[in-house]
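Every heavy atom of this structure was used, including side-chain atoms; hydrogens, water molecules and symmetry mates were not.
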Amino acid sequence: VSVSRKPLFVIIDSTNSAIFKDFPKVFTQPFMFLLAPEEVPGEIKSNSYAGSIFTLFLHCPILAIALISRIDFMESEDWVYLQSALDGLENSILDLLVRSSSAPDASTLSTGMYNLRSFLQDDFLKSFLVRFVLCRWFLSYHKAFQEPQFLPQSHPSLENSVLVTPPHCRTMIEKIVTEANVASFYAFEKAAPEVPSTLMEESTSKTSSSDIKMVGEAVESDMMQP
């Protein structure tokens, strides 16, 4: 507990990650634990890399998707296309995280979202947060990962505004798995609306510096308060 005297960010890739849900908040500093799924579906366990699905998503999402979708080989042009599509999706996630955690009044934010915006200032940690959400979204649509224990979690928990896939992002995921010819492994409740071309273009661009600055100013203001 003493390590939480300063901001604390921890990734736990273990089937016992749930024990960190009871981590007490003793000090006022922000902390965030990204917790791996407690279990892996039976059909995935036979693969020697099954225990690293969470780590793969955090470091190379395209390999993680290939693993859970049983893709053994990929043409170089397909890799380039899917990587570009995933980059666009990650940019959309970053935009969502920034906007969801940038309320002018910090008291209106949940603990998870309040802590989140503190770590979005670090490019290295920001990447992990974005890919944590990406992992959660992909696994939640995969037919083999429909039980709660198969999904990654965080402590403190993030809000549903982040954990539930927005319609335009769901459309992007559907397009990715369709183009990769692995749509049969995924289940979408209903057809997502078409993504306007302008929205697709915006999602593939980087989150504006003004958005990041807005979060930074809010965090700085919170730290200056007694």
Side-chain angles (χ1 to χ4, degrees), residues 3 7-21 23 30-41 44-45 47-71 74 79 82-98 100-101 112-113 115-142 144-145 147-159 162-165 169-170 172-173 176-177 180 182 185-186 203 206-207 212:
V3 296
L8 179 65
F9 189 99
V10 183
I11 297 172
I12 301 96
D13 191 353
S14 167
T15 54
N16 293 321
S17 62
I19 63 175
F20 286 87
K21 293 180 183 179
F23 189 87
F31 67 90
M32 179 64 68
F33 295 151
L34 302 185
L35 313 176
E38 298 176 41
E39 298 181 27
V40 178
I44 304 294
K45 286 183 178 180
N47 193 299
S48 60
Y49 295 103
S52 298
I53 290 177
F54 187 56
T55 295
L56 276 178
F57 264 108
L58 296 183
H59 290 277
C60 187
I62 194 170
L63 285 181
I65 294 169
L67 172 61
I68 64 176
S69 304
R70 301 180 185 176
I71 300 176
M74 187 180 300
W79 177 284
L82 291 177
Q83 187 61 64
S84 176
L86 285 173
D87 288 343
L89 183 56
E90 287 187 18
N91 290 332
S92 291
I93 293 173
L94 176 57
D95 181 70
L96 176 64
L97 292 177
V98 170
S100 297
S101 61
M113 301 308 293
N115 291 357
L116 171 70
R117 70 181 190 175
S118 301
F119 296 113
L120 286 175
Q121 300 307 296
D122 185 290
D123 288 338
F124 184 64
L125 300 181
K126 177 174 64 180
S127 175
F128 286 134
L129 288 165
V130 167
R131 290 178 174 178
F132 168 81
V133 175
L134 180 74
C135 174
R136 172 98 184 187
W137 286 359
F138 264 92
L139 295 187
S140 67
Y141 287 122
H142 196 289
F145 290 81
E147 298 298 326
Q149 66 269 25
F150 297 150
L151 300 178
Q153 301 181 57
S154 68
H155 177 65
S157 298
L158 301 180
E159 293 180 352
V162 170
L163 297 180
V164 176
T165 316
C169 289
R170 183 176 63 183
M172 296 171 73
I173 294 175
I176 288 172
V177 299
V182 294
F185 290 98
Y186 298 84
S203 68
K206 296 293 184 182
T207 301
I212 300 296

Novice: Kindly indicate, with the supporting measurements, whether the criterion ring pair (Phe, Tyr, Trp, His ring centres under 6.0 Å) is fulfilled by F128 and F132.
Specialist: CA-CA 6 Å; F128 286 134; F132 168 81; over 10 Å; no
Novice: Side-chain contact test, heavy atoms from C-beta onward, threshold under 4.5 Å: evaluate it for L129 versus L34 and give yes or no.
Specialist: yes
Novice: Check whether any side-chain N or O of T165 sits under 3.5 Å from a backbone N or O of W137 as a donor-acceptor pair, and report yes or no.
Specialist: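 No, the answer is negative, given that no donor and acceptor are paired below the 3.5 Å cut-off.
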Novice: Test of understanding: with side chain to side chain contact (heavy atoms under 4.5 Å, CB included), list the residues that count as partners of S140, not counting sequence neighbours.
Specialist: L151
Novice: Sequence neighbours left out, what passes ring pair (Phe, Tyr, Trp, His ring centres under 6.0 Å) with F150? Give chain and number order.
Specialist: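 Counting only residues at least two positions away or on another chain, F150 forms no ring pair (Phe, Tyr, Trp, His ring centres under 6.0 Å).
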Novice: Let me confirm one number: the OG-CD distance from S101 to E159, rounded to the nearest 0.5 Å.
Specialist: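 Separation between the atoms: 9.5 Å.
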Novice: Which atom names give the shortest non-hydrogen contact between E90 and P61, and what distance separates them?
Specialist: OE2-CG, 3.7 Å
Novice: Look up atom CG in L120 and atom CG in N115, then write down how far apart they are to the nearest 0.5 Å.
Specialist: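 It is 11.0 Å, given to the nearest 0.5 Å.
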Novice: Are V133 and L96 close enough that some pair of their side-chain heavy atoms sits under 4.5 Å apart?
Specialist: no
Novice: Would you please name every residue forming a side chain to side chain contact (heavy atoms under 4.5 Å, CB included) with A66, sequence neighbours left out?
Specialist: I71
Novice: Taking it one step at a time, do L158 and M32 satisfy side chain to side chain contact (heavy atoms under 4.5 Å, CB included)?
Specialist: CA-CA 10 Å; L158 301 180; M32 179 64 68; 4.0 Å; yes
Novice: When rounded to the nearest 0.5 angstrom, what is the spacing between CD1 in I68 and CD1 in I53?
Specialist: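 Here the rounded value is 7.0 Å.
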Novice: Under the ring pair (Phe, Tyr, Trp, His ring centres under 6.0 Å) rule, collect the residues that match up with F57, sequence neighbours excluded.
Specialist: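 So F57 forms no ring pair (Phe, Tyr, Trp, His ring centres under 6.0 Å) with any residue.
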Novice: If the condition is side chain to side chain donor-acceptor pair (under 3.5 Å), which residues does E147 pass it with, not counting sequence neighbours?
Specialist: none
Novice: Run the side chain to side chain contact (heavy atoms under 4.5 Å, CB included) test on M113 and V162 for me, step by step, so that the C-alpha distance in whole Å, both residues' side-chain angles and the decisive distance to 0.1 Å come before the verdict.
Specialist: CA-CA 9 Å; M113 301 308 293; V162 170; 3.7 Å; yes
Novice: May I have the step-by-step check of side chain to side chain contact (heavy atoms under 4.5 Å, CB included) for W79 and I62, ending in yes or no?
Specialist: CA-CA 8 Å; W79 177 284; I62 194 170; 3.3 Å; yes
Novice: Quick check, are the ring centers of F54 and H59 under 6.0 angstrom apart?
Specialist: no
Novice: Closest approach of I12 and V10, non-hydrogen atoms and distance?
Specialist: CD1-CG1, 3.6 Å
Novice: Which atom names give the shortest non-hydrogen contact between S17 and A36, and what distance separates them?
Specialist: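 Shortest heavy-atom contact: OG-O, 2.7 Å.
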Novice: Does a side-chain heavy-atom distance below 4.5 Å link M172 with S92?
Specialist: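 In contact.
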Novice: Measuring from S100:OG to I93:CD1, what's the distance to the nearest 0.5 Å?
Specialist: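 Atom-to-atom, S100:OG and I93:CD1 are 11.5 Å apart.
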Novice: What pairs with S127 under side chain to side chain contact (heavy atoms under 4.5 Å, CB included), at least two apart in sequence or on another chain?
Specialist: R131
Novice: Please report the closest heavy-atom contact between P30 and F119, naming both atoms and the distance.
Specialist: O-CZ, 3.7 Å
Novice: With sequence neighbours left out, write down each residue that passes side chain to side chain donor-acceptor pair (under 3.5 Å) with D123, or none if nothing qualifies.
Specialist: K126
Novice: Do you know which two heavy atoms are closest between L82 and I176, and how far apart they sit?
Specialist: CD2-O, 3.7 Å
Novice: Distance check, rounded to the nearest 0.5 Å: I173 atom CD1 versus H142 atom NE2?
Specialist: 12.5 Å
Novice: Roughly how far apart are L94 CG and L89 CG, rounded to 0.5 Å?
Specialist: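 Answer rounded to 0.5 Å: 11.5 Å.
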Novice: Partners of E38 by side chain to side chain contact (heavy atoms under 4.5 Å, CB included), sequence neighbours excluded?
Specialist: A18, K21, Q149, Q153
Novice: What residues form a ring pair (Phe, Tyr, Trp, His ring centres under 6.0 Å) with F33, not counting sequence neighbours?
Specialist: F20, F23, F31
Novice: Do C135 and L58 come close enough that some side-chain heavy atom pair is under 4.5 Å?
Specialist: no
Novice: Mind checking side chain to side chain donor-acceptor pair (under 3.5 Å) for S69 and listing every partner two or more places apart, or none if nothing turns up?
Specialist: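 In terms of side chain to side chain donor-acceptor pair (under 3.5 Å), with neighbours along the sequence ignored, S69 is linked to Y186.
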